[in-house]
Amino acid sequence: MLTRIIVATDTKKLQRRLHSLISQHDVMVETVSKKSHLLERISRESSDLIIISQSFIPEPVFDTISLFQQLPDSPGVIIISDRKDPEEQAQFIAAGCDAVVHAGLSDARLQKVITAIIAKRSALQQKTLSAVRPLAQPRLTDFVSTSPAMQTFMNIVRRVVPS
């Protein structure tokens with residue numbers, strides 16, 4: 001299943017770094033380079049995951065994160081932060097983010113975080129798609145016909161079925 005990721009960062013270097021970490025055959029990565037285009041792109045294109053620099057999130061920050069959660073696909077959100085503030089990280093997690101990681105995190109660890117969230121979302125999508133839905137039981141009332149011969153036949157069937 002194709003995973004669609006939007007990377008929204010304030011530096012090309014970080015964009016390239018993230019792109020190289022998540023480039024796989026079943027992942028499509030779109031980048032947003034201008035903060036002013038972020039909300040338009042996210043509302044226009046569906047995505048499974050948004051990886052965004054903290055400084056790139058439009059104000060008010062927590063309202064924007066709430067807006068991400070209300071999108072039809074309800075994408076996961078990973079915030080890349082330059083600060084190591086545990087209270088702020090807790091607020092982001094409480095607002096609905098999947099992860100808050102420091103920009104200085106090693107490539108290997110950052111890749112593990114992203115891969116884990118992609119795997120978690122893929123498993124959830126797979127579970128949703130494969131959920132067994134009960135088939136509707138057909139009823140005699142489902143059958144409608146204007147033909148006099150069929151109406152006669154259905155009258156006979158209605159009398160026979162209860163026996």
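Computed from a predicted model, the values in this text were never measured in an experiment.
By the rule that hydrophobic residues join a cluster once side-chain heavy atoms approach within less than 4.5 Å of another member, Val27 and Ile80 end up as members of one cluster. Under the 4.5 Å side-chain heavy-atom criterion for grouping Ile, Leu, Val, Met, Phe, Trp and Tyr, Leu49 is connected to Leu21 within one hydrophobic cluster. Tracing side-chain contacts under 4.5 Å through hydrophobic residues (I, L, V, M, F, W, Y), one reaches Leu38 starting from Val61; they form part of the same cluster. In terms of hydrophobic clustering, with Ile, Leu, Val, Met, Phe, Trp and Tyr side chains grouped at heavy-atom distances under 4.5 Å, Ile93 and Ile57 are assigned to a common cluster. Neither Val161 nor Ile156 shares a network with the other; the hydrophobic side chains, linked directly or stepwise wherever heavy atoms of I, L, V, M, F, W or Y lie under 4.5 Å apart, form separate groups for each.
Taking each heavy atom of Ser47 and Pro75 in turn, the nearest pair found is O-CB, 3.4 Å. A pairwise comparison of heavy atoms in Ser33 and Lys12 identifies OG-NZ, 3.2 Å as the closest pair. Between Ala99 and Val113, the shortest heavy-atom contact is CB-CG1, 4.0 Å. In this structure, Gln69 and Ala95 approach most closely via the heavy-atom pair CG-O, 4.2 Å.
Sorted pairs that involve residues 39-58 and meet ring pair (Phe, Tyr, Trp, His ring centres under 6.0 Å), not counting sequence neighbours, are lacking altogether. Within the structure, salt bridge (charged side-chain N to carboxylate O under 4.0 Å, His left out) contacts touching residues 45-65 (residues at least two apart or in different chains) are Arg4-Asp48, Arg41-Glu45. For residues 105-130, the set of pairs meeting the ring pair (Phe, Tyr, Trp, His ring centres under 6.0 Å) definition, not counting sequence neighbours, is empty. Evaluation of the salt bridge (charged side-chain N to carboxylate O under 4.0 Å, His left out) test over residues 103-113, restricted to residues two or more places apart or in two chains, returns Arg17-Asp107.
Side-chain atoms of Ser66 never come within 3.5 Å of backbone atoms of Phe62 as a donor-acceptor pair (strictly under, hydrogens ignored).
Here the OG1 atom belonging to Thr31 is positioned 12.0 Å from the CD1 atom belonging to Ile51, to the nearest 0.5 angstrom. Rounding to the nearest 0.5 Å places CG of Leu71 at 10.0 Å from OG of Ser46. With rounding to the nearest 0.5 Å, the separation of OG in Ser122 from CD1 in Ile117 is 12.0 Å. A distance of 7.0 Å separates CD1 in Ile118 from CD1 in Ile78, rounded to the nearest 0.5 Å.
Applying the side-chain hydrogen bond (donor to acceptor under 3.5 Å, both in side chains) rule to His19 yields the partners Ser23; only residues at least two apart in sequence or on another chain are considered. Residues that satisfy the side-chain hydrogen bond (donor to acceptor under 3.5 Å, both in side chains) test with Ser55, not counting sequence neighbours, are Asp10. Listed by chain and residue number, Ile79, Ser81, Arg83, Glu88, Phe92 satisfy the side chain to side chain contact (heavy atoms under 4.5 Å, CB included) test with Gln54 (two or more places apart in sequence, or in another chain). Residues meeting the side chain to side chain contact (heavy atoms under 4.5 Å, CB included) test with Ser20, sequence neighbours left out: none. The side chain to side chain contact (heavy atoms under 4.5 Å, CB included) check on Lys84 picks up His102, with sequence neighbours excluded. Applying the side-chain hydrogen bond (donor to acceptor under 3.5 Å, both in side chains) rule to Glu87 yields no partners; only residues at least two apart in sequence or on another chain are considered. Partners of Asp98 under the side-chain hydrogen bond (donor to acceptor under 3.5 Å, both in side chains) rule, at least two apart in sequence or in another chain, do not exist in this structure. In this structure Thr146 satisfies the side chain to side chain contact (heavy atoms under 4.5 Å, CB included) test with no other residue, sequence neighbours excluded.
The shortest side-chain heavy-atom distance between Ile22 and Thr3 does not fall under the 4.5 Å cut-off. Side chains of Val32 and Ile52 form no contact here, defined as non-hydrogen atoms less than 4.5 Å apart. Two residues are said to be in side-chain contact when any heavy atoms from C-beta on lie closer than 4.5 Å; Ile42 and Leu67 fail this criterion.
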* Does the pair Leu18 and Ile114 meet the rule for a side-chain contact (heavy atoms from CB on, under 4.5 Å), with working shown? -> CA-CA 9 Å; Leu18 290 168; Ile114 294 169; 4.1 Å; yes

